[in-house]
Amino acid sequence: MSDFITNKKRTHYCGTVCAADAGKEVILMGWAHRRRDHGGVIFVDLRDREGLVQIVFNPEISPDVHHEAHKIRSEFVLAVKGKVRKRPEGMENPHLKSGEIEVMVSELEIFNEARTPPFLLDGEADISENIRLKYRYLDLRRPELQKNLILRSYVAAEARHFLHDAGFIEVETPFLTKSTPEGARDYLVPSRINHGMFYALPQSPQLFKQLLMISGFDRYYQIVRCFRDEDLRADRQPEFTQIDIEMSFIAEDDIISIMEGLMAHIFKTCLGKTLNTPFPRLAYHDAIACYGRDNPDVRFGLKLQELTDILKDAEFKLFQEVISTGGLVKAIKIDAEHGKQISRKDLDGLKDFVGTYGAKGLAWARLQPEGWASPIFKFLKPAEVQQINEKMEAKDGDLILFLADTPKVVHDALGNLRNHLAKKLNLIEADQLAFVWVTEFPLMEYSDTEKRFMSTHHPFTSPVIEDMPLLKTDLGKIRARAYDLVLNGSEIGGGSIRIHRPDVQAMIFDALGLSQEEVRRKFGFFIDALEYGAPPHGGIAFGLDRLIMIMAGAESIRDVIAFPKTQKATCLLSEAPSTVEIGQLMELSLKIVS
RNA sequence: GGGGUCGUAGUUAAGCUGGUUAUAACGCCGGCCUGUCACGCCGGAGGGCGCGAGUUCGAGCCUCGUCGACCCCGCCA
């Protein structure tokens with residue numbers, strides 16, 4: 001074995017060698033980031049996870065080592081021994097943390113050569129994602145991704161630290177578990193021992209953590225992988241990580257305040273940022289009314305204003321039709337300064353944008369010195385225009401965008417348009433952290449595809465007690481004891497107080513249209529457990545990946561996961577999924593039918 | 001399942017209304033250089049345009065199909 005490693009141990013990480021080390025003998029190990037060969041003297045930037053340091057090969061120090069150094073190419077793996085010295089006057093590199101010093105190498109070992117990498121590992125590598133993912137182990141050498149994953153590690157460690165100190169017990173729950181067809185599509189695992197039967201990978205440890213409450217653990221947490229076989233997005237991967245939490249003998253405010261403490265601790269220790277707690281709260285109904293979505297980005301205005309009442313008698317066919325069939329008219333005002341950045345052509349683009357959310361049109365009006373310029377205002381009475389002016393507090397130059405449609409389409413389209421405009425018009429200040437709790441979710445929502453009411457959260461969410469009578473009359477109006485934590489317009493966590501009484505649980509299953517046999521088949525073990533003394537309990541789960549995305553300022557969830565999947569849920573590095581040997585299928589009594 | 005953007009040397013891109021030997025930068029290889037740090041200078045190699053059809057005298061440019069990456073809708077209790 002090499003004398004380096006066995007006898008000569010690494011003394012410093014490259015990025016940590018600094019001016020204070022001048023005069024010291026150091027041993028460094030890392031990758032050749034860049035080489036500058038001047039014929040006489042050779043400079044190499046040596047890189048490890050902590051950063052870069054310039055190492056210098058000078059023939060006057062050792063002709064042999066200098067000769068050997070000629071072989072060094074990008075990404076060769078090196079060990080060097082040498083003396084740290086202050087760089088000569090005027091030769092400092094202010095771009096480098098270790099730029100004041102350099103290491104004069106007296107001994108070199110090339111541990112390993114490297115093929116020329118398929119892409120440069122320098123700075124902002126604007127390389128197509130398929131190449132990056134195929135050579136993920138090289139992409140991960142880039143400082144940006146190293147930084148993200150190191151942050152991720154810190155956050156997980158600090159979360160554990162905080163929760164441990166707060167009396168939470170980390171318990172592992174099974175990955176091979178029972179399929180529960182409610183909710184997302186399951187990843188299935190065939191059972192070899194039980195032919196024709198399948199495990200499912202957990203979408204979340206929901207029932208297990210509730211069972212742990214019944215078992216008396218009182219406070220549980222787990223940083224745990226979850227699996228959902230649904231289509232991917234920029235912030236969605238088929239396997240993702242949750243900080244999963246459950247507590248007994250508590251109510252909403254108990255959980256909310258401890259979780260605010262958790263967030264404050266994580267942001268303080270990992271980013272040095274102080275959060276203002278408690279976080280503001282917003283009822284679901286108000287979130288939808290003002291922001292169009294249940295994960296509002298409250299870093300900017302552009303709130304939705306309702307004009308339905310003002311326009312209900314308007315002699316404009318389109319509005320009349322929409323309003324008389326239960327639809328709404330809502331509008332967003334863009335102030336003059338930003339409104340003028342939006343051209344007629346942009347307006348066409350915005351119309352197409354809302355089209356993707358089912359909106360059939362997008363009307364606009366611009367207040368100009370000579371009055372309103374708008375394709376629709378000619379259909380309105382002066383009194384109506386006047387009321388719109390007042391409601392929107394319109395000033396000269398303002399641009400108003402109107403949408404008339406069903407409530408769902410109006411909120412969907414304008415909610416997304418609002419976010420789109422904020423980005424386009426640069427309305428979001430960097431480094432803002434806008435947390436908001438969204439509360440009072442509906443317990444159930446009617447599903448047009450399933451033709452029945454479905455749980456908004458999951459069927460174990462407790463309804464608000466006073467709303468219980470609505471179980472007989474108006475299922476859509478029952479509020480849930482649920483809460484989501486939203487950060488900068490992204491849902492980073494969600495949870496609820498659970499049902500702990502078997503009779504209440506039975507009523508909810510009944511309202512969801514699940515027969516007793518179905519309930520028994522799907523959740524029998526859990527129903528049984530509820531009957532053996534379940535404490536009042538509730539919990540929450542945070543999406544660790546999304547949280548890290550925001551903390552790291554990452555554009556994509558793939559940038560905070562070491563080995564992510566593509567949008568088609570494949571791994572370009574390992575080439576999973578793949579076909580398997582026929583023998584493996586036979587062992588599982590499986591047959592590919594098409 | 002649907003909509004959109006993209007696919008040209010190792011990489012990132014350019015390639016005009018289809019027209020001889022397909023450009024550039026970086027990277028790579030060789031040479032020179034004792035103070036560079038996106039080192040510099042000189043020289044060189046490297047692709048036939050994701051793949052497959054078609055239209056045409058002629059296709060990187062047009063058409064169709066197909067594969068892949070990304071973004072979005074649906075989906076994500």
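Worth saying up front: this structure is predicted, and the values here are computed from it rather than measured. Chain naming here is simple, since letters A, B, ... match the order of the sequence lines and numbering starts at 1 in each.
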*May I ask you to say what Pro88(A) touches in the nucleic acid, namely base, sugar-phosphate or nothing, with a heavy-atom cut-off under 4.0 Å?*
base
*asked:* Under 4.0 Å, counting only non-hydrogen atoms across every strand here, what does Glu89(A) touch: a base, just sugar-phosphate, or nothing?
replied: nothing
*Test: Lys71(A) and Glu113(A) ion pair at under 4.0 Å*: no
*Options rC37(B), rA77(B), rU11(B), nucleotide nearest the side-chain atoms of Gln206(A)*: rA77(B)
*Calculate the interatomic distance between Gln567(A) atom CD and rC70(B) atom C1'; express it in whole Å.*
7 Å
*Mind checking Gln203(A) for me? I need base, sugar-phosphate or nothing, with any heavy atom below 4.0 Å counting as a touch.*
nothing
*Using a strict 4.0 Å threshold on nitrogen-to-oxygen distance, state whether Arg36(A) and Asp45(A) make a salt bridge.*
yes
*asked:* Only pairs with both distances under 3.5 Å count, Watson-Crick or wobble alike; so what is the partner of rC41(B) in this structure?
replied: rG31(B)
*Base of rG74(B) paired with side chain of Glu230(A) (donor-acceptor, under 3.5 Å)*: no
*Hey, does Thr461(A) reach any base, or is it just sugar-phosphate, or nothing, if we go heavy atoms under 4.0 Å?*
nothing
*What nucleic acid atoms does Ile131(A) come within less than 4.0 Å of, heavy atoms only: base, sugar-phosphate, or nothing?*
sugar-phosphate
*For Phe43(A) and rU36(B), do the ring centres fall under 5.5 Å apart while the planes stay under 30° apart?*
yes
*Look at all strands and tell whether Arg85(A) reaches a base, only sugar-phosphate, or nothing, counting heavy atoms closer than 4.0 Å.*
base
*asked:* Taking any heavy-atom pair under 4.0 Å as a contact, classify Ser204(A): base, sugar-phosphate, or nothing.
replied: base
*If you look at every strand shown and take non-hydrogen atoms under 4.0 Å, does Glu92(A) touch a base, only sugar-phosphate, or nothing?*
base
*Point-to-point distance, once rounded to the nearest 0.5 Å, from CD1 of Ile255(A) to OH of Tyr483(A)*: 3.0 Å
_rG46(B) - base-pair partner by Watson-Crick or wobble geometry, distances under 3.5 Å_ = none
_Would you say Lys568(A) places a side-chain N or O within less than 4.0 Å of OP1 or OP2 belonging to rG68(B)?_
yes
_Which residue lies more 5' along RNA chain B, comparing Ser128(A) with Arg228(A) via nearest heavy atoms_ = Ser128(A)
_Ignoring hydrogens and geometry beyond distance, is the side chain of Arg87(A) in donor-acceptor contact with the base of rC37(B) at under 3.5 Å?_
yes
*Determine if His38(A) stacks with rU36(B); use a centre-to-centre distance below 5.5 Å and an interplanar angle below 30° as the criteria.*
no
*Sidechain N-carboxylate O distance under 4.0 Å for Asp348(A), Lys345(A)*: no
*asked:* So Arg115(A), base contact, sugar-phosphate only, or nothing? Heavy-atom distance under 4.0 Å.
replied: nothing
_side-chain N/O Arg132(A) vs rA69(B) OP1/OP2, d < 4.0 Å_ = no
*Check whether the side chain of Arg34(A) and the base of rG27(B) form a donor-acceptor pair under 3.5 Å.*
no
*Nearest 0.5 Å, what's the NZ-CG distance between Lys424(A) and Leu417(A)?*
10.0 Å
*Side-chain N or O of Arg47(A) less than 4.0 angstrom from OP1 or OP2 on rC37(B)?*
no
*NZ/NE/NH1/NH2 to OD/OE distance under 4.0 Å, Arg225(A) and Asp244(A)*: no
*Glycosidic conformation of rG48(B), syn or anti, with 90° from 0 as the boundary?*
syn
*Does a distance-only test, which skips hydrogens and angles, find a donor-acceptor pair under 3.5 Å between the side chain of Asn130(A) and the base of rG7(B)?*
no
*Is the base of rC75(B) touched by the side chain of Arg236(A) through a donor-acceptor pair closer than 3.5 angstrom?*
yes
*Taking the side chain of Leu133(A) as heavy atoms from C-beta outward, which of rA77(B), rC70(B), rG27(B) is closest to it?*
rC70(B)
*Taking only residues at least two apart or on different chains, which pairs with a member in residues 88-105 of chain A satisfy salt bridge (charged side-chain N to carboxylate O under 4.0 Å, His left out)?*
Arg85(A)-Glu102(A)
_Applying a 4.0 Å non-hydrogen cut-off, can you work out what Arg233(A) is touching in the nucleic acid: base, sugar-phosphate, or nothing?_
base
_Checking base pairs now: Watson-Crick or wobble, both atom distances under 3.5 Å. What partners rU12(B)?_
rA24(B)
Give each protein N/O atom lying under 3.5 Å from an N/O atom of nucleotides 40-46 of chain B, with the pair distance.
none

_Salt bridge flag under 4.0 Å for residues Asp559(A) and Arg142(A)_ = no
*Counting only Watson-Crick or G-U wobble pairs whose two distances fall under 3.5 Å, which nucleotide matches rG7(B)?*
rC67(B)
*What does rU17(B) pair with, Watson-Crick or G-U, if both distances are under 3.5 Å?*
none
*How do Ala234(A) and Thr566(A) order along RNA chain B: which one's closest nucleotide is nearer the 5' end?*
Thr566(A)
*Looking only at side-chain atoms of Leu120(A), point me to the closest of rU36(B), rG27(B), rC70(B).*
rG27(B)
_Please check this pair: side chain of Arg558(A) against backbone of Thr566(A), looking for a donor-acceptor N/O pair closer than 3.5 Å._
no
*For Glu129(A), which contact category applies under a 4.0 Å heavy-atom criterion: base, sugar-phosphate, or nothing?*
sugar-phosphate
*asked:* Can you tell me the base-pairing partner of rC75(B)? Count Watson-Crick or G-U wobble geometry only, both distances below 3.5 Å, and say none if there is no partner.
replied: none
*To the nearest 0.5 Å, what is the distance between OH (Tyr187(A)) and CZ (Phe175(A))?*
14.0 Å
*asked:* Can you see if the side chain of Arg36(A) gets near the phosphate of rC39(B) - specifically, an N or O under 4.0 Å from OP1 or OP2?
replied: yes
